[in-house]
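Before any comments, here is the structure.
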Amino acid sequence: MHRPAISDFQQRCYEVLARVPAGRVTTYSEIAKALGSRASRAVGTAMAQNSQLITIPCHRVVRSDGSVGEYALGQQEKTALLTKEGITIRKGKVVDFDQVIYRF
DNA sequence: CATCTGACACAGA
DNA sequence: GTCTGTGCCAGAT
């Protein structure tokens, strides 16, 4: 009840994201591309709407310039989770971004 | 149907 | 390298 229905677009965002393994990241823009769209903003909105931190690893989604981006529990928590998965973050940006980004 | 909002991207300064 | 403005798309009102 009071639970908004998940749109097709959102569900596809989560499916794509689920392909990203721990230790790797993806970007809002890349997810959009994987869906045949350029709606990077809508992807971010989809993550914010869901915030299923258990089933959906939305902490692995960062900005296209390598900066961490937003997170339901805050950037600090997002950074901590990524660090635990082996990703190094310095000054709010992913180190060796091109090496850790997952290519669909 | 019109308008606003946002976990963004990109170009210019 | 940082900051600002403009464009973008889907969802909400």
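Not measured: the values here are computed from a predicted model. Throughout, protein chains are lettered first and strands after them, A, B, ... in sequence-line order, and every chain is numbered starting at 1.
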| query | For A:Ser67, what residues pass the side-chain hydrogen bond (donor to acceptor under 3.5 Å, both in side chains) criterion, not counting sequence neighbours? | reply | A:Asp65

With a 3.5 Å cut-off and sequence neighbours excluded, list the donor-acceptor pairs that the side chains of residues 55-63 of chain A form with protein atoms.
unit_1: A:His59; atom_1: NE2; unit_2: A:Glu85; atom_2: OE2; d: 2.9
unit_1: A:Arg60; atom_1: NE; unit_2: A:Glu85; atom_2: OE1; d: 3.0
unit_1: A:Arg60; atom_1: NE; unit_2: A:Glu85; atom_2: OE2; d: 3.4
unit_1: A:Arg60; atom_1: NH1; unit_2: A:Val20; atom_2: O; d: 2.9
unit_1: A:Arg60; atom_1: NH2; unit_2: A:Glu85; atom_2: OE2; d: 2.9

| field | Rounded interatomic separation in angstrom, taking NZ from A:Lys93 and C1' from C:dT2 | value | 9 Å

| query | Is it true that A:Leu82 and A:Leu53 fall in one hydrophobic cluster, defined by side-chain heavy atoms closer than 4.5 Å? | reply | no

| field | Test side-chain contact (heavy atoms from CB on, under 4.5 Å) applied to A:Ser64 - qualifying residues, sequence neighbours left out | value | none

| All pairs passing salt bridge (Lys or Arg N to Asp or Glu O under 4.0 Å) where residues 10-36 of chain A contributes a residue, at least two apart | A:Glu30-A:Lys33

Detail all sub-3.5 Å separations between protein N/O atoms and N/O atoms belonging to nucleotides 1-6 of chain B.
none

| message | Can you tell me which residue among A:Ile31, A:Thr45, A:Ile6 is in a side-chain contact (heavy atoms from CB on, under 4.5 Å) with A:Cys13? | response | A:Ile31

| query | A:Lys33 NZ to B:dA9 P: how many Å, rounded? | reply | 10 Å

Polar atom pairs between nucleotides 10-13 of chain B and protein, under 3.5 Å, N or O only, would you list them?
unit_1: B:dC10; atom_1: OP2; unit_2: A:Ser64; atom_2: OG; d: 3.4

| field | Any A:Ser7 side-chain nitrogen or oxygen under 4.0 Å from OP1 or OP2 of C:dG11 | value | yes

| request: Can you tell me the distance, in whole Å, between the CD atom of A:Glu70 and the P atom of B:dA9? | output: 12 Å

Name each donor-acceptor pair under 3.5 Å that joins a side chain in residues 92-104 of chain A to protein atoms two or more places apart or in another chain, with its distance.
none

| Under 4.0 angstrom, heavy atoms only, what part of the nucleic acid is A:Tyr28 near: base, sugar-phosphate, or nothing? | base

| request: Not counting sequence neighbours, which residues clear side-chain contact (heavy atoms from CB on, under 4.5 Å) with A:Ala32? List them please. | output: A:Val43

| remark: From CG of A:Asp65 across to P of C:dC3 the rounded distance in Å is 12 Å

| task | Round to the nearest Å and state the distance from A:Gln10 atom CD to C:dC9 atom P. | result | 18 Å

| Close approaches to DNA chain B from residues 74-92 of chain A, in residue order (heavy atom, under 4.0 Å) | none

| remark: In whole angstroms, the gap separating C1' of B:dA9 from CZ of A:Phe97 amounts to 12 Å

| Which nucleotide in B:dA7, C:dT2, C:dC9 has an atom nearest any side-chain atom of A:Arg38 | C:dC9

| message | Which residues pass the side-chain hydrogen bond (donor to acceptor under 3.5 Å, both in side chains) test with A:Gln75, not counting sequence neighbours? | response | A:Glu70

| query | For A:Thr79, what residues pass the side-chain contact (heavy atoms from CB on, under 4.5 Å) criterion, not counting sequence neighbours? | reply | A:Val68, A:Thr83, A:Ile89

| task | Nearest whole angstrom, please: distance from the C1' of C:dG11 to the CD of A:Gln11. | result | 16 Å

| Interatomic distance, A:Tyr14 OH vs B:dA7 P [rounded to whole Å] | 12 Å

| request: For A:Ser40, check side-chain contact (heavy atoms from CB on, under 4.5 Å) against everything at least two apart and list the hits. | output: A:Tyr28, A:Ser29

